[in-house]
Engineer: 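I'd like to ask some things about the structure below.
No hydrogens, no waters, no symmetry mates; every other heavy atom, side chains included, goes into these values.
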There are 2 protein chains.
Amino acid sequence: MLKDHDLQYLKEWLSMQQPHTIADELIRVDSAGMALVFRLLDKGKALAVFEELDPADQQEILAGMRDRAFRELVEGMDPDDRARLIDEVPAKVAKRVLAGLSPHERQMTAALLGYPEDSVGRRMTPQVVALHRNLSVAEALDVIRTKGASAETVYTLAVVDDGRRLIGVASLRDLVTAPTDWRVGDIAETEYVSARATDDAEYAARLMRDANLLDLPIVDSEGRLLGFLTIDDAVELIEAADTEDAYRQSGSEPLGGLYLLATIRLLASRRAPWLMLLFIAAIMTINVLDFFEENLAEVTALALFIPMITGTGGNTGSQSATSVVRALALGDIRPRDLPLVLWREARVGALLGVALAIVGIGIATFFADFQLAIVVAISLLVVCTWAAIVGGCMPLLAKKLGIDPAVVSAPMVATLVDATGLIIYFLTARAVLGI
Amino acid sequence: MLKDHDLQYLKEWLSMQQPHTIADELIRVDSAGMALVFRLLDKGKALAVFEELDPADQQEILAGMRDRAFRELVEGMDPDDRARLIDEVPAKVAKRVLAGLSPHERQMTAALLGYPEDSVGRRMTPQVVALHRNLSVAEALDVIRTKGASAETVYTLAVVDDGRRLIGVASLRDLVTAPTDWRVGDIAETEYVSARATDDAEYAARLMRDANLLDLPIVDSEGRLLGFLTIDDAVELIEAADTEDAYRQSGSEPLGGLYLLATIRLLASRRAPWLMLLFIAAIMTINVLDFFEENLAEVTALALFIPMITGTGGNTGSQSATSVVRALALGDIRPRDLPLVLWREARVGALLGVALAIVGIGIATFFADFQLAIVVAISLLVVCTWAAIVGGCMPLLAKKLGIDPAVVSAPMVATLVDATGLIIYFLTARAVLGI
């Protein structure tokens, strides 16, 4: 439609679509098109579409805007979305955003930006409804009607005391069904789940999922209410964490944006560091082969099974590493379970090794001879057990050292197991073949 | 506490904890302990804890229960949770569950079980509040007060016509803030997002995330309201899908339960099929090396760089596969983007290949000679490009064929690229070294 300059039709189409659908299409057009489409939207919808976009796309739209429209847009944003935008754009743009704000909105945004990166304080919304414990249900509903419009949610209501300390949580559902003369303090749930503003954002998001909450109250170190983490932000945090883990698990840094929009340079730069590191680490395999070169020259058939043995070790290790990384992410295991995991993986690895060794004997006898087949079988058994232990334990060790366990990727385990697998293979060959 | 038989203290502890915390601890004790703890909980909390558990654990608890307690428990469950339980337990237990239900609850559960596996119909809750469009806001609030107790959510309200066809969605927030004499039909949002009961559950969950919804209305083929998918179930679906992808990406089938509770046999059985398949596929590498054995015997130094070249190919391919699998899962790319992805990955692979080739020349010159270094460098460049293309395109081809793209795992790409990488390496060696 943009290409045909059919603006009337485009405007109609825009008025019928959901903000997230428009945002999805918007990121596929160029900057000029983006700015044009944006001007065709009515103000409320423009804001909704804008909030669906990534900070990078938001920046592009802001760059093409006049001062007045710019100010209106950033003033209308939710404080947590605005904090994220400011966090990720260049300092110059961030300054322009802050300068355009009213004092009240600027103060709210500045407060969020004061919390550590990756903390839930950065992602919470301060615009919540707090009800004093002594209010009656009828008074509380009045407060919700008047203050509710500017709050991000009215379904979870914080119940506070005189010092704005959180003492309970009430749901709008409870409020609507309760007798109107009851006190809010009486219907509030006082055994609630909450998080500190300095807590890790991903931890808070997974806590919400475990406790099936729509909103998680966020408090300061003295228990005073600061805001809520809402479920839509929690879902986004969980998805982003899973994406990061998926990338790290393949030995790559996350893109932080859409695959199809990333430049070739960006894609390569996210993959190059790990790839280069693993490449350098692969020098170990050259060293090992160099060391055993005489044996290899004596029995060239030994070379036939090198990729099969290193490959199988890599595969087994990557299976173990992934099980453990995912279980850590979901909170199913903790670093102190290390001995348990080691013992489990050793047995799983040995079991898989036995199965592969049996098949391996047949294959190696066919391509070489029975003696070499024995070497291959023993090596497979030992390599599988070893790879499973390495793959299972390394993520736990990383976590203990404060490193993201997901960096213990399939490629990293494979590279580490390659060299040791070769040593196991050649030592077995020396012992069995007597070379 | 269980070990010390301090039941009084245990009971107190249980009364203070959140259901999800109790469920977390419960799965770590044996069956006898589970049954005991369960009896100590009051009825409402017992149900809440029970609904937090996996079907496997639920089954264990049910097995130890008397008929009356059993019936009370399953009768109290939400229909969607109950359908999941019946789905995953043996037929005999499923029968006992259905037999224990009241006709009304049995009918609701049977309706959910009628939808295809993995469809959103299985995971929706039928217990929603439907408001006729002609109701006034005051009447609607009365309906919510009376019917709301048995509904899973009252924050999203379905607005229907005489034929129970969904014509809009209203939020409790809008209802509470609207003048009481307005009609529900007037405040309902008629441009809403919905899904069919037969739609894929993961698709519906990601749709909810994109549209930032708390509840997604589910309709039949004629647009009649059937129920809602609620956000807590959507989060669970997304997490489960991400877990499945993570496992598949490492060449393993998902466990479907907690890592620490799985038996060694179960762990091995989830990993063995792919591992064995890839092991058999690795015969290709033996064939290739067998074919080039004379060249290898002539220049034994060629063997030195085999693990480095196959390993680097595997790493590059696994990076590409993961980027594409994740982008597919998040809906950022579609199968028809194949040519685009191919062209992007080819350039990224070549760029990475050039960088590795430069470093590779130095390494290979050090361990062998400059001529062999040229062979290594050319091979690295070609293998990287090829691996990135294979890794990037295979998930898209799988999706086109209706296969889960995540089965195109890092180990699978690595194994496929191993054999072709060796062919590239030896052909380059023949050409450059003239052997």
Engineer: Heavy-atom cut-off 4.5 Å, strictly under: side chain, backbone, both or neither for Ile306(A) against chain B?
Structural biologist: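 Side chain only.
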Engineer: Side chain, backbone, both or neither: which part of Val341(A) has a heavy atom under 4.5 Å from chain B?
Structural biologist: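 For Val341(A), the contact with chain B is made by backbone and side chain together.
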Engineer: Nearest heavy-atom pair of Ser318(A) and Pro411(B): which atoms, and what distance?
Structural biologist: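 It is OG-CG, 3.6 Å.
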Engineer: Measure from the side-chain N and O atoms of Arg344(A) to the backbone N and O of Tyr259(B), and report whether any donor-acceptor pair falls under 3.5 Å.
Structural biologist: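 Confirmed, Arg344(A) side chain pairs with Tyr259(B) backbone.
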Engineer: What are the two closest non-hydrogen atoms of Pro307(A) and Leu422(B), and how far apart are they?
Structural biologist: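 For Pro307(A) versus Leu422(B), the nearest heavy atoms are CG-CD1, 3.9 Å.
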Engineer: Could you tell me which portion of Gln249(B) (side chain, backbone, both or neither) has an atom closer than 4.5 angstrom to a non-hydrogen atom of chain A?
Structural biologist: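 No part of Gln249(B) comes within 4.5 Å of chain A.
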Engineer: Checking Gln18(B) side chain against Ala211(A) main chain: does a donor-acceptor pair fall under 3.5 Å?
Structural biologist: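 Judged by distance alone, no pair lies under 3.5 Å.
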Engineer: Looking at Asp242(B), Leu296(B), Thr285(B), Asp290(B), which one has more heavy-atom pairs under 4.5 Å with chain A than the rest?
Structural biologist: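 Max contact count across the listed options: Asp242(B).
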Engineer: Between Ala414(B) and chain A, with a heavy-atom cut-off of 4.5 Å, which part of the residue counts as in contact: side chain, backbone, both or neither?
Structural biologist: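 It is neither, since no heavy atom gets under 4.5 Å.
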Engineer: Counting only non-hydrogen atoms closer than 4.5 Å, does Ile363(A) touch chain B with its backbone (N, CA, C, O), its side chain (CB onward), both, or neither?
Structural biologist: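 Only the side chain of Ile363(A) comes within 4.5 Å of chain B.
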Engineer: Give, as side chain, backbone, both or neither, the part of Ala262(A) having an atom under 4.5 angstrom from any heavy atom of chain B.
Structural biologist: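 Interface part for Ala262(A): both.
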Engineer: Is Thr153(B) in contact with chain A via its backbone, its side chain, both, or neither, using a 4.5 Å heavy-atom distance?
Structural biologist: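 Just its backbone gets close to chain A.
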Engineer: Between Ala327(B), Ala321(B), Ala246(B), who has the most heavy-atom pairs with chain A when the cutoff is under 4.5 Å?
Structural biologist: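 Between Ala327(B), Ala321(B), Ala246(B), the count favours Ala246(B).
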Engineer: Answer with yes or no whether the side chains of Glu51(B) and Asn212(A) bring together a donor and an acceptor at under 3.5 Å.
Structural biologist: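 The answer is no; no qualifying pair exists.
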Engineer: Less than 4.5 Å to any heavy atom of chain B: does that hold for the side chain of Arg248(A), its backbone, both, or neither?
Structural biologist: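 Contact with chain B: none, neither part.
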Engineer: What part of Ile231(B) gets closer than 4.5 Å to chain A, counting heavy atoms only: side chain, backbone, both or neither?
Structural biologist: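 Contact with chain A involves the side chain of Ile231(B) alone.
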Engineer: Side chain, backbone, both or neither: which part of Thr190(B) has a heavy atom under 4.5 Å from chain A?
Structural biologist: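 For Thr190(B), there is no contact with chain A at all, as no heavy atom is under 4.5 Å.
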Engineer: More than 12 non-hydrogen atoms from neighbouring residues, nucleotides or ligands closer than 6.0 Å to CD on Glu191(B), yes or no?
Structural biologist: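 Yes, CD of Glu191(B) has more than 12 neighbouring heavy atoms, counting only those of other groups under 6.0 Å.
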Engineer: Is a side-chain donor or acceptor of Tyr155(A) paired with a backbone partner of Arg173(B) at a separation under 3.5 angstrom?
Structural biologist: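 Yes; judged by distance alone, with no hydrogens or angles, the pair exists.
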Engineer: Should Arg271(A) and Glu345(B) count as an ion pair when the cut-off is N to O under 4.0 Å?
Structural biologist: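 The answer is yes: the pair qualifies as a salt bridge.
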Engineer: With a 4.5 angstrom heavy-atom cut-off, is it the side chain or the backbone of Asp245(A) that approaches chain B, or both, or neither?
Structural biologist: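 Contact with chain B is absent: no heavy atom of Asp245(A) under 4.5 Å.
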Engineer: For Gln319(B) and Gly251(A), indicate whether the former's side chain and the latter's backbone hold a donor-acceptor pair under 3.5 Å.
Structural biologist: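 Checked: pair present.
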Engineer: When only pairs under 4.5 Å are counted, which of Gln17(A), Glu236(A), Met208(A), Arg206(A) shares the most heavy-atom pairs with chain B?
Structural biologist: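 Most heavy-atom pairs within the cutoff with chain B belong to Arg206(A).
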Engineer: Could you tell me which portion of Tyr192(B) (side chain, backbone, both or neither) has an atom closer than 4.5 angstrom to a non-hydrogen atom of chain A?
Structural biologist: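 Tyr192(B) touches chain A through backbone heavy atoms alone.
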Engineer: Under 4.0 Å between a side-chain nitrogen and a carboxylate oxygen: does that hold for Glu239(A) and Arg326(B)?
Structural biologist: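 Salt bridge flag = yes for Arg326(B) with Glu239(A).
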Engineer: Between Leu255(B) and chain A, with a heavy-atom cut-off of 4.5 Å, which part of the residue counts as in contact: side chain, backbone, both or neither?
Structural biologist: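 Contact with chain A: none, neither part.
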Engineer: Which bit of Phe366(A) comes within less than 4.5 Å of chain B, counting heavy atoms only: side chain, backbone, both or neither?
Structural biologist: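 The answer is neither part of Phe366(A).
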Engineer: Output the option from Asp418(B), Ile238(B), Leu330(B), Leu356(B) having the highest count of non-hydrogen pairs under 4.5 Å with chain A.
Structural biologist: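 Looking at each option in turn, the highest pair count goes to Leu356(B).
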Engineer: Heavy-atom distances under 4.5 Å only: say whether Ser320(B) touches chain A with side chain, backbone, both or neither.
Structural biologist: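 Contact with chain A: backbone and side chain both.
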Engineer: Chain A heavy atoms under 4.5 Å from Val235(B): which part of the residue, side chain, backbone, both or neither?
Structural biologist: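 For Val235(B), the contact with chain A is made by the side chain alone.
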Engineer: At a 4.5 Å cut-off on heavy atoms, which part of Leu340(A) comes close to chain B: side chain, backbone, both, or neither?
Structural biologist: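 For Leu340(A), side-chain heavy atoms alone lie under 4.5 Å from chain B.
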Engineer: Kindly indicate, with the supporting measurements, whether the criterion side chain to side chain contact (heavy atoms under 4.5 Å, CB included) is fulfilled by Leu260(B) and Asp332(A).
Structural biologist: CA-CA 7 Å; Leu260(B) 282 185; Asp332(A) 295 345; over 6 Å; no
Engineer: Of all of Ser323(A), Ala329(A), Ala419(A), Ala303(A), which one pairs up most often with chain B through heavy atoms under 4.5 Å apart?
Structural biologist: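 If we count pairs closer than 4.5 Å to chain B, Ser323(A) comes out on top.
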Engineer: Only one of Asn315(A), Leu352(A), Thr316(A), Val359(A) clears side-chain contact (heavy atoms from CB on, under 4.5 Å) with Phe279(B); which?
Structural biologist: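 Exactly one pass, corresponding to Val359(A).
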Engineer: Measure across Glu293(A) and Thr300(B) and return the closest heavy-atom pair with its distance rounded to 0.1 Å.
Structural biologist: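 That closest heavy-atom pairing would be OE2-OG1, 3.7 Å.
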Engineer: What are the two closest non-hydrogen atoms of Asp210(A) and His20(B), and how far apart are they?
Structural biologist: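 Here Asp210(A) and His20(B) meet closest at O-CB, 3.1 Å.
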Engineer: Please rank Leu258(B), Thr312(B), Thr243(B), Leu267(B) by heavy-atom pairs under 4.5 Å with chain A and give me the top one.
Structural biologist: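 Counting heavy-atom pairs under 4.5 Å, the top option is Thr243(B).
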Engineer: With a 4.5 Å cut-off on heavy-atom pairs, point out which of Thr177(B), Thr21(B), Asp232(B), Leu172(B) contacts chain A the most.
Structural biologist: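 The option with the most such pairs is Leu172(B).
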Engineer: List the steps and the verdict of side chain to side chain contact (heavy atoms under 4.5 Å, CB included) for Ile283(B) and Met308(A).
Structural biologist: CA-CA 7 Å; Ile283(B) 293 179; Met308(A) 180 179 245; 4.0 Å; yes
Engineer: Taking side chain as everything from C-beta outward and backbone as N, CA, C, O, which of these in Leu351(B) sits under 4.5 Å from a heavy atom of chain A? Side chain, backbone, both or neither.
Structural biologist: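 Side chain only.
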Engineer: Identify the heavy atoms of Thr322(B) and Ser250(A) that sit nearest to each other, and give their distance.
Structural biologist: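 Result for this residue pair: OG1-CB, 2.9 Å.
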Engineer: Looking at Thr230(B), Thr310(B), Val325(B), Ile333(B), which one has more heavy-atom pairs under 4.5 Å with chain A than the rest?
Structural biologist: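 Heavy-atom pair counts peak at Ile333(B).
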Engineer: Does any backbone or side-chain atom of Leu275(B) lie under 4.5 Å from a heavy atom of chain A? Answer side chain, backbone, both or neither.
Structural biologist: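 Answer is both: backbone and side chain atoms of Leu275(B) are under 4.5 Å from chain A.
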Engineer: Pick one of side chain, backbone, both or neither for Leu213(A), based on which atoms fall under 4.5 Å of a heavy atom in chain B.
Structural biologist: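 Answer is neither: Leu213(A) stays 4.5 Å or more from chain B.
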Engineer: Heavy-atom distances under 4.5 Å only: say whether Thr415(A) touches chain B with side chain, backbone, both or neither.
Structural biologist: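 Interface part for Thr415(A): side chain.
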Engineer: Let me know if Val288(B) has heavy atoms under 4.5 Å from chain A in its side chain, its backbone, both or neither.
Structural biologist: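 Neither part; nothing is under 4.5 Å.
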Engineer: Which one of Ile280(A), Val193(A), Val324(A) has the most heavy-atom pairs closer than 4.5 Å to chain B?
Structural biologist: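 Among Ile280(A), Val193(A), Val324(A), the one with the most close pairs to chain B is Val193(A).
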Engineer: Is it the side chain or the backbone of Ser409(A) that comes within 4.5 Å of chain B heavy atoms, both, or neither?
Structural biologist: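 Neither part, no heavy atoms under 4.5 Å.
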Engineer: Just wondering, are more than 12 heavy atoms of other shown residues or ligands nearer than 6.0 Å to NZ in Lys45(A)?
Structural biologist: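 Atom NZ in Lys45(A) is crowded, with more than 12 foreign heavy atoms closer than 6.0 Å.
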Engineer: Would Phe305(B) and Leu289(A) satisfy side chain to side chain contact (heavy atoms under 4.5 Å, CB included), going step by step from the backbone distance to the final call?
Structural biologist: CA-CA 9 Å; Phe305(B) 305 100; Leu289(A) 289 171; over 6 Å; no
Engineer: For Arg145(A), does the CZ atom sit with more than 12 other heavy atoms under 6.0 Å from it, leaving out its own atoms?
Structural biologist: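 More than 12 heavy atoms, drawn from other residues, nucleotides or ligands, come within 6.0 Å of this atom.
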